[in-house]
Amino acid sequence: MKKRIVCFVMAAVMACSGVLTGCGSKKTEVTDTLTVFNYGEYMDPDVLDQFTEETGIEVKYEEALTPEEMYTKYKSGAIEYDLLCSTDYMLQKLISEGELQEIDIDALENKENIGDKYWEFSKAFDPDNNYTVPYFWGTLGILYDTTKVKEPVDSWNVLFNGEYSGEIVMQNSMRDMFMLALKALGYSLNSSDEKELKEAQELLLKQKPDVQAYLVDEARDEVVAGNATMAVVYSGEAYLGHQYNENLAYVIPKEGSNVWLDSWCVTKYCDNMDAAQKFLDFLCREDIAQKNFEYIYYSTPNEAVIESLSEEDRADEALVPSDDATKDCEVSLMTDEKTTDFMNELWKELKAD
């Protein structure tokens with residue numbers, strides 16, 4: 001999940017119910033409890049009501065803004081979470097630290113709804129598909145105003161050729177910016193080679209005078225409002241942007257980009273695997289995946305939901321990226337401490353006045 005913000009609706013629901021089991025929902029005898037950790041605004045609250053009504057398992061629901069915040073809260077041990085949803089590189093970190101329990105994937109009755117390619121994506125950080133279940137996915141690319149560009153937009157080079165000086169919004173994210181610069185140079189976005197990382201920084205430094213701003217959530221909004229011609233955004237934001245402004249289009253550059261994958265896992269603290277498995281299987285069910293998709297509108301790995309979409313939506317690269325568009329994309333993996341420290345120094349130099 002990228003750049004989601006906790007909304008007041010979620011807080012209101014929690015205030016009303018004490019946990020996210022809904023305001024005024026019918027009473028169901030609670031036979032068990034799961035403590036679930038997710039990003040803000042990343043699940044339809046009604047889904048949790050329905051799970052409790054169907055199973056009698058109460059869900060205590062906690063939220064975080066970023067993978068890093070989630071990791072810090074989880075590792076503090078203040079709350080022993082049973083399940084959590086996080087992104088590729090953070091899940092890889094948790095697996096490597098022995099924080100997760102294996103899931104009996106074959107026992108999930110609805111696992112066939114998840115397309116084969118998403119299980120393949122998962123192998124980048126969960127090699128044997130033992131620990132994670134795909135939830136949402138997407139790409140990093142360029143959102144642009146078709147009325148303002150002078151050429152076909154199909155390459156990262158459009159951000160670096162100087163033709164759109166002052167009209168470009170970049171992500172205020174070290175990892176995202178180094179990833180796209182590395183791909184633009186023909187390198188792996190997971191490169192730990194200091195020479196390649198330095199080349200990526202030099203490309204970004206050369207571009208810096210052309211950048212209108214480095215933003216996060218606001219990047220999409222600047223293009224929607226006509227204040228910028230193009231911005232680096234995640235696919236879910238691009239889809240929403242097009243709903244606000246029909247002149248906008250989204251492209252995954254031909255050099256390749258980042259495919260991100262958010263997935264569910266079961267932590268070492270969970271002492272009721274049966275309840276955890278029921279929750280995971282529930283989320284894979286077509287009707288439940290449909291509810292979450294319509295609440296979030298990020299790309300879903302649930303092919304039963306994809307098949308139900310209109311032809312227009314299935315053709316939207318921001319919503320359903322094609323295999324051709326993602327063939328040169330990579331999943332972001334965790335970096336070692338030395339590489340992270342080196343990238344941090346290069347990023348500080350880039351952002352310095």
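Residue K150 places its NZ atom among more than 12 non-hydrogen atoms of other residues, nucleotides or ligands, all under 6.0 Å distant. Few gaps surround CD on Q243; more than 12 heavy atoms of other groups in view lie less than 6.0 Å from it.
When atom types are taken as modelled, the side chain of N190 and the backbone of V331 share a donor-acceptor pair closer than 3.5 angstrom. Checking side-chain atoms of T66 against main-chain N and O of E69 turns up a donor-acceptor pair under 3.5 Å.
Classification of K291 and D46 as a salt-bridged pair fails, no side-chain N sitting under 4.0 Å from a carboxylate O. Note on R285 versus D287: salt bridge recorded, some NZ/NE/NH1/NH2 to OD/OE distance being below 4.0 Å. At a threshold of 4.0 Å, the pair K73-E62 does not count as salt-bridged, since none of the basic side-chain nitrogens sits closer than that to a carboxylate oxygen. The pair D274-K278 meets the salt-bridge criterion, with a side-chain N (NZ, NE, NH1 or NH2) lying under 4.0 Å from an Asp/Glu carboxylate O.
Remark: W119 engages no residue in a ring pair (Phe, Tyr, Trp, His ring centres under 6.0 Å) (not counting sequence neighbours). For N172, the side-chain hydrogen bond (donor to acceptor under 3.5 Å, both in side chains) criterion is met by K351, not counting sequence neighbours. When the ring pair (Phe, Tyr, Trp, His ring centres under 6.0 Å) test is applied to Y164, no partner is found at least two apart in sequence or on another chain. In this view, N227 and E222 satisfy the side-chain hydrogen bond (donor to acceptor under 3.5 Å, both in side chains) rule, not counting sequence neighbours. Here Y118 pairs with W137 under the ring pair (Phe, Tyr, Trp, His ring centres under 6.0 Å) rule; sequence neighbours left out. Considering only residues two or more places apart in sequence or on other chains, E120 meets the side-chain hydrogen bond (donor to acceptor under 3.5 Å, both in side chains) condition with K123.
Side-chain contact check for V251 versus E317: every heavy-atom pair is 4.5 Å or farther apart. Side-chain contact check for I103 versus V133: some heavy-atom pair is nearer than 4.5 Å. In this structure, the side chains of F121 and E330 stay at 4.5 Å or more apart for every pair of heavy atoms.
Y250 and T139 share a donor-acceptor pair across their side chains, judged by distance under 3.5 Å alone. In this structure, a donor-acceptor pair under 3.5 Å is absent between the side chains of Q290 and E286.
Following chains of ILVMFWY side-chain contacts shorter than 4.5 Å, one can reach Y131 starting from M334, so the two form part of one hydrophobic cluster. Hydrophobic clustering of Ile, Leu, Val, Met, Phe, Trp and Tyr side chains at less than 4.5 Å, counting indirect connections, unites I296 with F51.
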Next item on the list: Applying side-chain hydrogen bond (donor to acceptor under 3.5 Å, both in side chains), run through E80 and T35 and close with a yes or a no.
Entry: CA-CA 8 Å; E80 294 187 347; T35 303; over 6 Å; no

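Residue L204 forms a side-chain contact (heavy atoms from CB on, under 4.5 Å) with just one option from Q201, E202, Q207, and that option is Q207.
Note: F136 and Y42 have tilted aromatic rings, judged against thresholds of 30 and 60 degrees for the angle between ring planes.
Between Y269 and Y74, a ring centre-to-centre spacing shorter than 6.0 Å is recorded.
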